[in-house]
Asker: 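Dropping the structure in here first, questions after.
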Amino acid sequence: MEFALFCTKVNILILILALCSPCKFIQSPMDYGPSNLLETKSSASLDFGRIVFNSPSAVLRPQSPRDISLLLTFHSASSFSKVAVAARGAGHSIYGQAQAIDGIVIEMDSIPSDIYVHKKRDDESGVSYADVGGGVLWVELLEESLKLGLAPRSWTDYLYLSIGGTLSNGGISGQTFKYGPQISNVLQLDVVTVLGGLGQFGIITRARILLQDAPQKVKWIRAFYDDFDTFTGDQELLVSMPELVDYVEGFIVPNEQSLLSTSVAFPAHLGFMPDFHHVSSAKVYYCIEFAVHDFQAEGTSAEQVSSSLVVEKISKQMSYMPSLVYSVEVSYFDFLNRVRMEEMNLRSRGLWEIPHPWLNMFVPKSGIKEFKDLLLENISPNDFEGPILIYPLLRDKWDANTSVALPDAPTGGDGVEQVVYIVGMLRSANPASCAAGCLDDILRRNRQIAEAASAGRIGGKQYLAHHPSLLHWRDHFGRHWNRFAARKNLFDPLGVLAPGQGIFPRVHASAL
């Protein structure tokens, strides 16, 4: 054991020496025993965004968290190291956040994905939880926990993401209004350095996730609107009823293609035949999606009726377009895994592995209508490809100690404004119809939208942010910048980790 540990340390030192050499003499794959250090491969310079392509000099495929710790220990102790390090989970970032140009990418999926689920007994104090590795996918945790009738409380829409990756960024979906982001539903983290934001302060190697009883079924409802104020009013009504509602999201529907793409996974025929073209201007519609958990027991109907009554009670308080509400019942797994069906549909058409110039913004309630207008003014509704998500979150469900930058809270007659909207412009850029110049134009428009929303009365903040300079990052964090920078200086003073974020410049040990 001691000899193996010695060999691992020597091999990591050799790797760092090689990376720091101006000759870049790594020419062939290298397997350094337990550390499994390899020459770079194409996946390490690729992500879901397909916009930024930065190649590392080597890839680490760790077999345990110890391999990561050894790498960073040797790295930080080296006065000559110029190598940055990035952890890569499922590679679902958009702007190269998990890339490390001429550095080392740690592929977290190589760590054995053992999952331990603890179900609390009736006579036991405490809670149910799951211990999982940082490279485990959320869908793997769901499959394992459901075997014991349990599931995490807070999710992302897409389940084929790594647990460590989404926890580093918060992790949000339609349950966030009720339970907070995923990071607020974690009991314990094992981190090589510390709990942080954007992966800047450490690498999450293991997490203890809070679990709850999983429902057997979900009642899944969609309702359509042609008025934005009515749409947002009903969304805010739904998130004010957490005792009845378990999930709330929504969409802006600018064209027929958008309507069809967001309905792939919804197992019901929508009789909605909207007219997107009026004489004077394009018509835009809106859709609310909400869900109610159904804990019905096999062979009984009492709970089923009760759940239906809940949906009926909620629907009577809403103001959607007459008759344009649709309800289905699906299994809990199928509901949570709904985006997988959309993925398969896009893959079958060759439209999954294409550029995704996404923009995600947090917008305070007071600025959401102005932001909607700004958004629609800067896109072409007729040919927009991809969903536009929009739904409310509640500020008090977020831990102020995390590094997610929410908009500053406006105050009014009712005190601090609690509602914050997340708007996700999840655009695709099909190379067949959108060449390089078109993609550049989309990215330019994204920057215009983000800058106008951040600098003006709207008061927005990017989520999963991408900024071009340190000054922009300072503005992004605002009054929390000094705390964020102090944490970086304490836990990663050399600026080794997460270079793809572009927040902090690399610092050499000789400068400290």
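Note that this is a predicted model, so its numbers are computed, not measured.
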Asker: Do Val85 and Leu72 have side chains that approach each other closer than 4.5 Å (heavy atoms only, starting at C-beta)?
Answerer: yes
Asker: Taking side chain as C-beta onward, heavy atoms only, is Arg208 less than 4.5 Å from Val186?
Answerer: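 Contact flag for Arg208/Val186 side chains = no.
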Asker: Does the side-chain hydrogen bond (donor to acceptor under 3.5 Å, both in side chains) test come out yes or no for Trp138 and Thr166, once each step is laid out?
Answerer: CA-CA 9 Å; Trp138 284 100; Thr166 65; 2.8 Å; yes
Asker: Could you tell me whether the side chains of Tyr179 and Gln212 share a donor-acceptor contact shorter than 3.5 Å?
Answerer: yes
Asker: Verify whether the ring centers belonging to Trp352 and Phe48 lie closer than 6.0 Å.
Answerer: yes
Asker: Tell me whether the guanidinium CZ or amine NZ of Arg338 lies under 6.0 angstrom from the six-membered ring centre of Phe335 and within 45° of its axis.
Answerer: yes
Asker: How about CG on Asp122, more than 12 heavy atoms from neighbouring residues, nucleotides or ligands closer than 6.0 Å, or not?
Answerer: no
Asker: Identify the heavy atoms of Val59 and Ala44 that sit nearest to each other, and give their distance.
Answerer: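 Minimum heavy-atom contact is CG2-CB, 3.8 Å.
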Asker: Measure from the side-chain N and O atoms of Lys365 to the backbone N and O of Val420, and report whether any donor-acceptor pair falls under 3.5 Å.
Answerer: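 Looks like no, no N/O pair under 3.5 Å.
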Asker: Okay, side chain of Gln99, backbone of Asn54: is any donor-acceptor separation there less than 3.5 Å?
Answerer: yes
Asker: Taking all atoms of both residues into account, what is the closest heavy-atom pair of Val136 and Leu141, and its distance?
Answerer: CG1-N, 4.4 Å
Asker: When rounded to the nearest 0.5 angstrom, what distance separates CG in Leu60 from CG in Leu70?
Answerer: 10.0 Å
Asker: Angle class for the Phe477/Trp481 ring planes (parallel below 30°, perpendicular above 60°, tilted otherwise)?
Answerer: tilted
Asker: With no hydrogens and no angle check, do the side chains of Gln462 and His472 hold a donor and an acceptor under 3.5 Å apart?
Answerer: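 No, no side-chain donor-acceptor pair sits under 3.5 Å.
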Asker: Taking all heavy atoms of Asn446 and all of Pro357, pick out the closest pair and write down the distance.
Answerer: ND2-O, 3.0 Å
Asker: Determine whether Leu142 and Leu336 satisfy the following criterion, side chain to side chain contact (heavy atoms under 4.5 Å, CB included), listing intermediate values before the conclusion.
Answerer: CA-CA 9 Å; Leu142 176 61; Leu336 292 177; 3.9 Å; yes
Asker: May I ask you to test the Ser145-Pro152 pair for a side-chain heavy-atom distance under 4.5 Å?
Answerer: yes
Asker: Are side-chain heavy atoms of Val339 and Leu159 found at a separation under 4.5 Å?
Answerer: no
Asker: Residues two or more places apart in sequence or in another chain: which of them pass side chain to side chain contact (heavy atoms under 4.5 Å, CB included) with Tyr160?
Answerer: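 With neighbours one apart ignored, the set is Leu137, Val139, Tyr158, Asn337, Arg340.
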Asker: Do His293 and Tyr247 make the cut of ring centroids closer than 6.0 angstrom?
Answerer: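 His293 vs Tyr247: aromatic centres not under 6.0 Å.
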Asker: State, without any angle test, whether Ser184 and Asp399 hold a side-chain donor-acceptor pair at a distance under 3.5 Å.
Answerer: no
Asker: Does Asp157 reach the side chain of Glu249, with side-chain heavy atoms less than 4.5 Å apart?
Answerer: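 The answer is yes, as the side chains (C-beta and beyond) meet within the 4.5 Å cut-off.
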Asker: Do other residues, nucleotides or ligands put more than 12 heavy atoms under 6.0 Å from the CE atom of Met341?
Answerer: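 Atom CE in Met341 is not crowded, with 12 or fewer foreign heavy atoms closer than 6.0 Å.
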Asker: Pair Leu389, Ile422 - check side chain to side chain contact (heavy atoms under 4.5 Å, CB included), show working.
Answerer: CA-CA 8 Å; Leu389 301 181; Ile422 178 68; over 6 Å; no
Asker: Given the side-chain rings of Tyr463 and Trp398, with only the six-membered ring counted for Trp, is the space between their centroids under 6.0 Å?
Answerer: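 When the ring centroids of Tyr463 and Trp398 are compared, they turn out to be at least 6.0 Å apart.
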Asker: Does this structure show an ion pair linking Asp441 with Arg445, if we count only N-O contacts that are shorter than 4.0 Å?
Answerer: yes
Asker: Are the side chain of Thr205 and the backbone N or O of Pro65 linked by a donor-acceptor pair below 3.5 Å?
Answerer: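 Not confirmed, Thr205 side chain does not pair with Pro65 backbone.
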Asker: Could you please spell out the steps behind the side-chain hydrogen bond (donor to acceptor under 3.5 Å, both in side chains) verdict for Gln182 and Trp155?
Answerer: CA-CA 6 Å; Gln182 289 178 312; Trp155 293 94; over 6 Å; no
Asker: Got a sec, which residues hit side chain to side chain contact (heavy atoms under 4.5 Å, CB included) with Arg206, two or more places apart in sequence or on another chain?
Answerer: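 If we apply the side chain to side chain contact (heavy atoms under 4.5 Å, CB included) test to Arg206, skipping adjacent residues, the hits are Asp114, Asp131, Asp190.
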Asker: Are side-chain heavy atoms of Ile94 and His466 found at a separation under 4.5 Å?
Answerer: no
Asker: Mind listing the closest non-hydrogen atom pair of Val105 and Ala98 along with its distance?
Answerer: CG2-O, 4.0 Å
Asker: Might you work through the side chain to side chain contact (heavy atoms under 4.5 Å, CB included) test for Leu393 and Val419, ending with a clear yes or no?
Answerer: CA-CA 6 Å; Leu393 314 172; Val419 172; over 6 Å; no
Asker: Please work out whether the ring planes of Trp473 and His476 are parallel, tilted or perpendicular, with thresholds of 30° and 60°.
Answerer: perpendicular
Asker: Under a 4.0 Å threshold between the charged nitrogen and the carboxylate oxygen, would Asp109 count as salt-bridged to Arg61?
Answerer: yes
Asker: Any donor and acceptor pair, going by atom type alone, linking the side chain of Asn489 with main-chain N or O of Pro493 inside 3.5 Å?
Answerer: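 Not a single qualifying donor-acceptor pair exists.
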Asker: Of all heavy-atom pairs between Ala207 and Leu167, which one has the smallest distance, and what is that distance?
Answerer: CB-CD1, 3.8 Å
Asker: Could you tell me whether the side chain of Ser454 and the main chain of Lys461 form a donor-acceptor pair under 3.5 Å?
Answerer: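 Not a single qualifying donor-acceptor pair exists.
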Asker: Any side-chain heavy-atom pair from Gln63 and Ser110 closer than 4.5 angstrom?
Answerer: yes
Asker: What heavy-atom pair brings Ile204 and Ser168 nearest, and what distance separates the two atoms?
Answerer: CD1-OG, 3.7 Å
Asker: Donor-acceptor pair, Lys397 side chain versus Thr176 backbone, under 3.5 Å?
Answerer: no
Asker: Let me see the working for Asp47 and Phe53 under side chain to side chain contact (heavy atoms under 4.5 Å, CB included), right down to the final yes or no.
Answerer: CA-CA 8 Å; Asp47 61 20; Phe53 305 90; over 6 Å; no
Asker: When you measure from the side chain of His118 to the backbone N and O of Tyr116, does any donor-acceptor pair fall under 3.5 Å?
Answerer: no
Asker: Please assess Phe201 against Phe484 for the test ring pair (Phe, Tyr, Trp, His ring centres under 6.0 Å), listing each intermediate value before the final yes or no.
Answerer: CA-CA 10 Å; Phe201 311 135; Phe484 186 77; 5.1 Å; yes
Asker: List the steps and the verdict of side-chain hydrogen bond (donor to acceptor under 3.5 Å, both in side chains) for Glu451 and His467.
Answerer: CA-CA 10 Å; Glu451 289 175 3; His467 290 297; over 6 Å; no
Asker: Is it true that Glu353 and Arg347 make a salt bridge, defined as a side-chain N closer than 4.0 Å to a carboxylate O?
Answerer: yes
Asker: Compute whether any side-chain donor of one residue and acceptor of the other, for Ser348 and Asn345, lie under 3.5 angstrom apart.
Answerer: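 Side-chain D/A pair, Ser348 to Asn345: absent.
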Asker: Can you find a pair of side-chain heavy atoms, one from Met425 and one from Trp358, that are under 4.5 Å apart?
Answerer: no
Asker: Taking Gln97 for its side chain and Ala498 for its backbone only, find out whether a donor-acceptor pair lies under 3.5 Å.
Answerer: no
Asker: Report yes or no: does Lys488 contribute a side-chain atom to a donor-acceptor pair with the main-chain N or O of Asp492 at less than 3.5 Å?
Answerer: no
